[in-house]
S.K.: 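Encoded as structure tokens, here's the structure I'll be asking about.
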4 protein chains.
Amino acid sequence: MSLNSFGRVFCFSTWGESHGPAIGALVDGCPPGLALSEADIQPWLDRRRPGQNRFTTQRREPDQVRILSGVFEGRTTGTPISLMIDNVDQRTKDYAGIAEAYRPGHADFTYQAKYGLRDWRGSGRASARETASRVAAGAVARLVIPEVAIRAYLVELGGDAIDYAASEDAEIDNNPFFCPDAAAAARWQDLVDDARKAGSSLGAVVECVATGVPAGWGAPLYAKLDSELAAACMSVNAVKGVEIGDGFAAARLSGEDNADAMRAGADGAPRFLSNHAGGVLGGISTGQPVVVRAAFKPTSSILTPQLTVDHLGAEIEIVTKGRHDPCVAIRGAPVIEAMVALVLADQKFLHRAQCGEAR
Amino acid sequence: MSLNSFGRVFCFSTWGESHGPAIGALVDGCPPGLALSEADIQPWLDRRRPGQNRFTTQRREPDQVRILSGVFEGRTTGTPISLMIDNVDQRTKDYAGIAEAYRPGHADFTYQAKYGLRDWRGSGRASARETASRVAAGAVARLVIPEVAIRAYLVELGGDAIDYAASEDAEIDNNPFFCPDAAAAARWQDLVDDARKAGSSLGAVVECVATGVPAGWGAPLYAKLDSELAAACMSVNAVKGVEIGDGFAAARLSGEDNADAMRAGADGAPRFLSNHAGGVLGGISTGQPVVVRAAFKPTSSILTPQLTVDHLGAEIEIVTKGRHDPCVAIRGAPVIEAMVALVLADQKFLHRAQCGEAR
Amino acid sequence: MSLNSFGRVFCFSTWGESHGPAIGALVDGCPPGLALSEADIQPWLDRRRPGQNRFTTQRREPDQVRILSGVFEGRTTGTPISLMIDNVDQRTKDYAGIAEAYRPGHADFTYQAKYGLRDWRGSGRASARETASRVAAGAVARLVIPEVAIRAYLVELGGDAIDYAASEDAEIDNNPFFCPDAAAAARWQDLVDDARKAGSSLGAVVECVATGVPAGWGAPLYAKLDSELAAACMSVNAVKGVEIGDGFAAARLSGEDNADAMRAGADGAPRFLSNHAGGVLGGISTGQPVVVRAAFKPTSSILTPQLTVDHLGAEIEIVTKGRHDPCVAIRGAPVIEAMVALVLADQKFLHRAQCGEAR
Amino acid sequence: MSLNSFGRVFCFSTWGESHGPAIGALVDGCPPGLALSEADIQPWLDRRRPGQNRFTTQRREPDQVRILSGVFEGRTTGTPISLMIDNVDQRTKDYAGIAEAYRPGHADFTYQAKYGLRDWRGSGRASARETASRVAAGAVARLVIPEVAIRAYLVELGGDAIDYAASEDAEIDNNPFFCPDAAAAARWQDLVDDARKAGSSLGAVVECVATGVPAGWGAPLYAKLDSELAAACMSVNAVKGVEIGDGFAAARLSGEDNADAMRAGADGAPRFLSNHAGGVLGGISTGQPVVVRAAFKPTSSILTPQLTVDHLGAEIEIVTKGRHDPCVAIRGAPVIEAMVALVLADQKFLHRAQCGEAR
């Protein structure tokens, strides 16, 4: 049971460091017979790809994925699918400054404390670059759950929230922030520009909605759908909080306001009058949209000088060069989408394993 | 890999329904030679035990735990520890009304959708009663991590937050709310009384702090310490949100404000000037206190009439009788403590497995 | 991932020591809606139950199983099924001699070496008594695979093999040896009597055949059907070897003699002209009977004096009293049946998870 | 929990097909700080490499391994180690004959039955080529257990057994059969030549001995050391039987003959007078050499015509061309060594997780 894997029956592992020769994902448990080629994966990687505008890191990675196994004549065979993405634009010298110092807010010190050494080049395994592997694996997961549509978007950046009433899905891909609210996107442009110029960084909140999840996926306890989603989101770099449905706001509601009333639905199933639950009750999907939110802290690698210590314990000031996202959460939207897809694919199969397909 | 288990090397499973003959936990991976008797577990169960005041359910359960295996002459043997707690105060007839109807906000509908049948007596497996098993298992976990002290408390109830400046640990066990702020506890008494009398219920936020966790526990990705904590907390009934450290508030900070600056510590290790990170960076503990918050929604079983449907899809109004906690989060504090202990024990051993004890 | 669990999606854990208050099994992943009561489990336990004739241990255990969870109104609910069997006929004083000495061939020394202490009463967790839990769990597994019929029997005892040509299934339950060959059973009666009187013990080989397994269960590598069966059988006390199909004899065949030729079958599927493969090719079931054999060593607890050492390293002679099976393999037949059922139930669901039910 | 993984805390996964672009292994849970380069892995791959003499397949694969992650400045970092081996000498056309027909004894039919399609090129995932990935992963495992020495060799080929009295380790690498008995190796040369010329194939038995395993590795049940070894060996292509210590022969011994008597050892630990147990009692290592034997069936791909059916169910005769090992077991010796190393590394860490390093 690898420390770098996720999932129970549909599962994946990732490997690779930011400045190693390549990164990759190994997807297992994929059903046979699915049409799969690099062209099914590449568009999702392209959405996450850095260097496409001034609001993300300027590292230029083509992020071309190769399928090395598990596909034959354009179809999955049921055997493990090895996905590899070469690293091509490393600038290791930019990181020389952190080889022997710990950036505040970053994993430098903890890796050193745990392992006694670390690959400091481009932050090694702790780099957000690892999330490209997740997106590649997530693209395979999407094929497994064609009944589900997943979209993630930013609902807040640097503390500035969208207006849900003024938001629409069509807007999400119209701006560099995966922002459904055009007015907010315009404001965020200034926010991010200002942060970047100031040598600072910003956090943000990503919301992800999965529609089409039938009632019944999940498990009552421990392997609850919401528990798996929480683990999945919190496993992404820089995420510090996860909510399902109303999340922390639910703690401020009365019992009658929080509960989602039910009326008779068209097909005998209940029709819910609200979705405070975020599509999950008792760990199991309700059939309503599954709603997850993840809070990303601001990027830790910033130009503003910070107090820290070096390997020998000496007190220093550090300025982090290199090419960094001023708001790592922006590219987090495709990553959270991928993680939600990976959880749902796994849960679909877990449900099928125990309960069969009939119900 | 059971759907009702948690943990990788130090792990546990729970079983049992609210109105079955008993509930229990099976703890595996416990080291040999630890002094363990029922007396080590009972005090923790007593803290969570219902019926001790008017702010919790009036169900009277002695919650007497028995150790059925894994202990010999007062010491753990390294074999699985089976813990059992008899159910003694069921009143199944109180629940007859929900046998064929779905309470809004509860798991009735989703269990039915998943399994096609459900044990509706006392909410079956979905009852908060299951959390007694977690507390029992958690008591064993505490023995495994004597270097760590864990305390959980409510920081907000019904939207009314504590004043951290006026809080102290010593107060936590002085009131029925695990509230560290005496003034808040006094206010909450009225809040909960009012909700109970109104046939309503309240949510709350539990904060848990683990001190003494050395730097180095956790893993970079997927099995990150924070990811495991998120899964653990979200696996508890009624939890809808989890935060580590500043959590969602971190998303509103600038990079320089969020990062915890370091200065030279007494023993060569860094001394952090703040703890926005909640003791976890890059999935690995920093040596600072580990800080987790869990948001509990208000109890779904309330006397206020609610719109819903029955098994046949007919529209009805439902009033939930039975004995319920007006704020299930109150007894959630010992449960979150237990889950944090269980995660930390597992992470301690995972670290020892890979990296040995020397570092 | 417990050290005392088996299975991936349909899985179980066992707990308990020979002279503790009880033993038990926790079954998870069971589908909902199956008719299940103690009466479905008890007959299988009765087949394994000791004390029924002079060829097994004289310990008298009723082995009455109780279902403590996971069943409601006679049907499984999909939640964990807790099975408990009380220990009622312990005679701990019989074992005082081994509290501080290591029986040759037994686990006394290794438990001590691993854990630094051990529950020596009735051999603790290492007792064959643990296998009752397996049989109880296996009875649940059988309900999950109604399409499969499983029968295990002894094919060799004390080196004396059955005559396959003279064997028939109907004979298996006609003698105390689960022996399909009446003449062999008669001979074995003398063999076991002689060994018992001589204070010695005998080993045996159990063969298990599962018919009705459809083609397609299993996995190509690592989680191969045969690999899982090997692990399952070797996890049983006293088993030292496992074979699938021709097993070791296959290593002596030529390629053309070992391969099972195929002809057109009635329904389009191939019809095999032989079954050297034991129903498994490439880790996946062929649709032919699955054939497994397990070699049990002779019981280690014998009256014949043996050279050994005590806890302090002093050289002693040991004579093992207590009530022991002169041939523990006899009662191993129902245990191997249970383990095969448990593996097949798990593999059925794993296949359904990945490939669905259609194929 | 991938179907293509093995291990619990030190674990690995493999991927790749015989005629895909590459194969690989992903190793996780490796401790940090170990010196590791391709030069540590390559010699083990070279021992398994095909085409080195006329007794193995003539496919010419350099089997050059590349380390793509998890190593920095020549040391492991504790993050996943991705190992890749390019396939360079595929001749897919040789396999056209099996694209629509099922070779007897091979996995063609079962893959088709399970997945509904298969990568028939060079037998796809079912090719013995996959075992190169195991050997690469095993080379990393060896670094984790420097206290253990592992050697595997053939003890029987085509039914012709070695003379243990005439065997010595130094001979193992002196002949192309990993045979410790020079006289047997000479006889086997003729046996294999004859089989190859006859268009037939042979099976063999590989024995593996691990010395230096301290007492205490393993677990009492389910995750027993012997159970894990059995699963590991049986997961290798063509293996049909596994024995620990005396294995099936133990079933023919009396209790007093099978038990390994103990005398006082030099350092307070017992000294065993024999090793019928093969170094494992009660699932836990005794400190004696761990002895495992695996029976390999004869290669299924042979030139001798065989009766079979094609995809449409039509009865045909098949002759398997391509380049095949006349005795796949020969190259199985390095593979079994690797699997034993992988199991022992995992067990070492599992023991350390639960019991610490002190004992």
Side-chain angles (χ1 to χ4, degrees), chain C residues 3-4 6 104-105 107 110 113-114 116 125-126 159 200-201 203-205 215-216 219-220 222-224 226-227 230-231 234-235 240-244 247-248 250-252 254-256 258-264 268 270 281-282 284 286 295 297-300 302 304 307-309 313 315 359, chain D residues 3-4 6 104-105 107 110 113-114 116 125-126 159 200-201 203-205 215-216 219-220 222-224 226-227 230-231 234-235 240-244 247-248 250-252 254-256 258-264 268 270 281-282 284 286 295 297-300 302 304 307-309 313 315 359:
Chain C
L3 297 172
N4 288 276
F6 197 90
T110 54
K114 182 177 189 72
R125 182 93 178 127
S200 182
S201 62
V205 177
Y222 304 102
K224 288 165 71 171
D226 30 1
S227 179
M234 199 70 96
S235 79
K240 300 298 284 186
V242 183
E243 294 181 317
I244 306 292
F248 277 83
R252 291 159 204 142
S254 68
E256 57 274 25
N258 177 65
D260 302 308
M262 286 171 262
R263 297 283 80 187
L281 285 173
I284 300 168
T286 63
K297 68 178 183 182
T299 311
S300 301
I302 53 176
T304 302
L307 299 179
T308 191
V309 295
E315 301 193 334
R359 185 163 299 122
Chain D
L3 297 173
N4 288 277
F6 197 90
T110 54
K114 183 175 189 73
R125 182 92 178 127
S200 182
S201 63
V205 177
Y222 303 103
K224 289 164 71 171
D226 30 1
S227 180
M234 199 71 96
S235 79
K240 301 297 284 186
V242 184
E243 294 181 318
I244 306 293
F248 277 83
R252 287 156 207 144
S254 68
E256 59 274 24
N258 178 66
D260 301 309
M262 285 172 262
R263 298 283 79 186
L281 285 173
I284 301 167
T286 63
K297 67 179 183 181
T299 311
S300 300
I302 52 177
T304 302
L307 299 179
T308 193
V309 295
E315 301 192 335
R359 188 161 297 118

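The chains referred to below are lettered A, B, ... by the order of the sequence lines, with proteins before strands, and numbering in each begins at 1.
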S.K.: As an exercise: rank C/Gly159, C/Pro270, C/Ser300 by heavy-atom pairs under 4.5 Å with chain D and give me the winner.
M.R.: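 Most heavy-atom pairs within the cutoff with chain D belong to C/Pro270.
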S.K.: Given a strict heavy-atom distance threshold of 4.5 Å, which part of D/Thr299 is in contact with chain C: side chain, backbone, both, or neither?
M.R.: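 It is the backbone, since no side chain atom gets that close.
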S.K.: If every non-hydrogen atom of D/Thr110 is compared with every non-hydrogen atom of C/Leu281, which pair is closest and at what distance?
M.R.: OG1-O, 2.9 Å
S.K.: What distance separates C/Asp260 CG from D/Thr308 OG1, expressed to the nearest 0.5 Å?
M.R.: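 Between atom CG of C/Asp260 and atom OG1 of D/Thr308 there are 10.5 Å.
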S.K.: Rounded at 0.5 Å granularity, tell me how far CD in D/Glu315 sits from CE in C/Met262.
M.R.: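 It comes to 11.5 Å.
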S.K.: So which of C/Gly282, C/Ser254, C/Ala215 has the biggest tally of heavy-atom pairs under 4.5 Å with chain D?
M.R.: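 Greatest number of close heavy-atom pairs with chain D: C/Ser254.
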S.K.: Can you tell me which of D/Ala251, D/Ala295, D/Ala107 forms the most heavy-atom pairs within a distance under 4.5 Å of chain C?
M.R.: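 That would be D/Ala251.
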S.K.: Quick one: of D/Ala230, D/Pro220, D/Ala219, who has the most non-hydrogen atom pairs under 4.5 Å with chain C?
M.R.: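 Top count of heavy-atom pairs under 4.5 Å with chain C: D/Pro220.
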S.K.: C/Leu3 and D/Tyr222: which non-hydrogen atoms are nearest, and at how many Å?
M.R.: O-CB, 3.6 Å
S.K.: Identify the heavy atoms of D/Pro298 and C/Ala250 that sit nearest to each other, and give their distance.
M.R.: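 What the structure gives for the nearest pair is CD-O, 3.1 Å.
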S.K.: Look at C/Glu256, C/Arg125, C/Lys240 and state which one has the largest set of heavy-atom pairs under 4.5 Å with chain D.
M.R.: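 Among the listed options, the one with the most contacts to chain D is C/Lys240.
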S.K.: Hey, could you give me the CE/NZ distance between C/Met234 and D/Lys224, rounded to the nearest 0.5 Å?
M.R.: 8.0 Å
S.K.: Under 4.5 Å from any heavy atom of chain C, what part of D/Lys297 do you find: side chain, backbone, both or neither?
M.R.: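 Both backbone and side chain.
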S.K.: Taking side chain as everything from C-beta outward and backbone as N, CA, C, O, which of these in D/Ala264 sits under 4.5 Å from a heavy atom of chain C? Side chain, backbone, both or neither.
M.R.: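 For D/Ala264, the contact with chain C is made by backbone and side chain together.
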S.K.: Between D/Gly216, D/Ser227, D/Ala204, D/Ala223, which shows the greatest number of heavy-atom pairs under 4.5 Å with chain C?
M.R.: D/Ser227
